[in-house]
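Numbering of residues begins at 1 and proceeds along the displayed sequence. These numbers were taken from a predicted model, which means no experiment stands behind them.
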Amino acid sequence: MEWTIWGGFAAGLLISTATSPVGVSGAVFLLPIQLSVLGVPSPAVTPTNLLFNVVAGPGALWRYRRDGALRGPLARRLVVWTLPGVLIGAAIRVFALPGPGVFRLLVAAFLLPLGIWLCLRTLRPARRRPDATEPSARVLAASALMVGVVSGIYGIGGGSLLGPILAARGLPMARIAPATLAATFTTSVAGAAAYAVLALASPGPVAPDWALGLACGAGGLIGGYLGARLQPHLPETALRLLLGALATALGAAYAVQALA
């Protein structure tokens with residue numbers, strides 16, 4: 001229906017504008033809209049969400065690249081380790097998917113306390129660490145691989161999980177946002193391709209809803225660019241509070257759904 005196409009475009013535009021300044025593609029918030037409002041069936045909603053990331057990602061990444069924010073090893077390391085994870089997650093989603101209730105509880109248990117802690121730490125900061133560094137190579141690899149698997153299973157994008165982890169380490173949002181968006185875009189390309197292949201071997205609705213995914217992505221392309229352009233003009237405190245609030249809201253929503 002035509003209204004779903006325009007609704008998807010508007011949702012992608014608004015969500016990406018709000019989330020791209022903190023390194024979140026917005027797919028994690030688009031997922032319930034696709035399921036409950038736009039009527040995308042499961043598991044086709046997962047590759048449709050990944051398609052949104054593929055189309056929307058270049059908007060913010062192009063802007064961050066122009067500003068030189070994609071330089072440095074953090075983005076490369078996240079991409080290298082999330083990429084195999086998303087392929088594993090796609091296979092799990094099609095052939096051995098755990099119940100959605102388990103996923104919601106795990107996400108709630110992870111994001112809810114982390115988001116609250118991040119907000120509290122931002123409002124009442126500890127002594128600032130000028131030498132704040134990214135996690136060790138081993139910790140970063142394990143975290144990125146785990147996030148990649150979750151992204152492949154549920155098509156939510158890794159930024160909503162990786163962002164709070166890195167922010168909790170004290171890294172500035174100017175480093176976090178470009179790196180997590182780069183990882184999200186790369187893994188989404190791989191995940192969408194994996195689902196296209198897996199659709200050939202599965203009788204269920206595994207292929208993405210191409211029209212809706214492209215419409216959401218077109219809105220996200222514009223919104224991502226706008227959000228990335230706004231980021232340098234927003235104070236670090238506001239960005240960290242936004243990321244903490246997004247993590248808290250998402251964790252609370254999943255907790256309510258899991259316990260309902």
Side-chain angles (χ1 to χ4, degrees), residues 16 19-28 49-91 110 114 118 129-195 217 220-221 224-225 227-229 231-232 236 239-240 243 246-247:
S16 291
T19 60
S20 60
V22 292
V24 178
S25 70
V28 67
N49 236 19
L50 292 173
L51 180 61
F52 160 77
N53 284 338
V54 171
V55 178
L61 291 175
W62 184 73
R63 182 67 199 187
Y64 281 129
R65 186 176 182 277
R66 278 190 60 189
D67 296 339
L70 283 173
R71 297 170 186 166
L74 182 60
R76 292 194 298 270
R77 291 175 180 172
L78 293 181
V79 168
V80 165
W81 288 105
T82 52
L83 192 55
V86 76
L87 299 177
I88 297 170
F110 173 76
L114 184 59
L118 188 57
R129 295 185 301 162
D131 59 339
T133 58
E134 65 190 55
S136 67
R138 185 172 298 179
V139 172
L140 190 64
S143 301
L145 183 64
M146 176 194 68
V147 168
V149 172
V150 173
S151 299
I153 293 175
Y154 295 100
I156 63 172
S160 58
L161 301 177
L162 285 171
I165 292 174
L166 296 174
R169 296 280 303 186
L171 296 184
M173 294 307 305
R175 285 186 63 194
I176 294 172
T180 55
L181 284 173
T184 296
F185 174 71
T186 306
T187 53
S188 295
V189 171
Y195 274 99
L221 182 69
Y225 177 86
R229 187 170 184 176
Q231 198 230 38
E236 177 76 11
L239 291 171
R240 296 176 74 86
L243 182 60
L246 290 174

Checklist entry - Do the non-hydrogen side-chain atoms of Leu239 and Ile176 ever get within less than 4.5 Å of each other? => result no
Taking all heavy atoms of [X] and all of [Y], pick out the closest pair and write down the distance.
{"X": "Thr180", "Y": "Ala177", "answer": "OG1-O, 3.2 Å"}
{"X": "Val55", "Y": "Gly217", "answer": "CG1-C, 3.5 Å"}
{"X": "Ser20", "Y": "Gly227", "answer": "OG-CA, 3.2 Å"}
{"X": "Pro172", "Y": "Glu236", "answer": "CA-OE2, 3.4 Å"}
{"X": "Leu61", "Y": "Phe185", "answer": "CD1-CB, 3.7 Å"}
{"X": "Ala27", "Y": "Ser25", "answer": "N-OG, 3.2 Å"}

[X] [atom1] to [Y] [atom2] distance, which is reported to the nearest 0.5 Å:
{"X": "Ser16", "Y": "Phe52", "atom1": "OG", "atom2": "CZ", "result": "3.5 Å"}
{"X": "Met146", "Y": "Trp81", "atom1": "CE", "atom2": "CH2", "result": "14.0 Å"}
{"X": "Arg63", "Y": "Leu181", "atom1": "CZ", "atom2": "CG", "result": "14.5 Å"}

Item to check | Derivation of the side-chain contact (heavy atoms from CB on, under 4.5 Å) call for Leu162 and Thr82 | outcome: CA-CA 10 Å; Leu162 285 171; Thr82 52; 4.2 Å; yes
Checklist entry - Where the side chain of Arg240 meets the backbone of Ala167, is there a donor-acceptor pair that is under 3.5 Å apart? => result yes
Item to check | Among Thr186, Thr184, Leu166, the one residue meeting side chain to side chain contact (heavy atoms under 4.5 Å, CB included) with Leu78 | outcome: Leu166
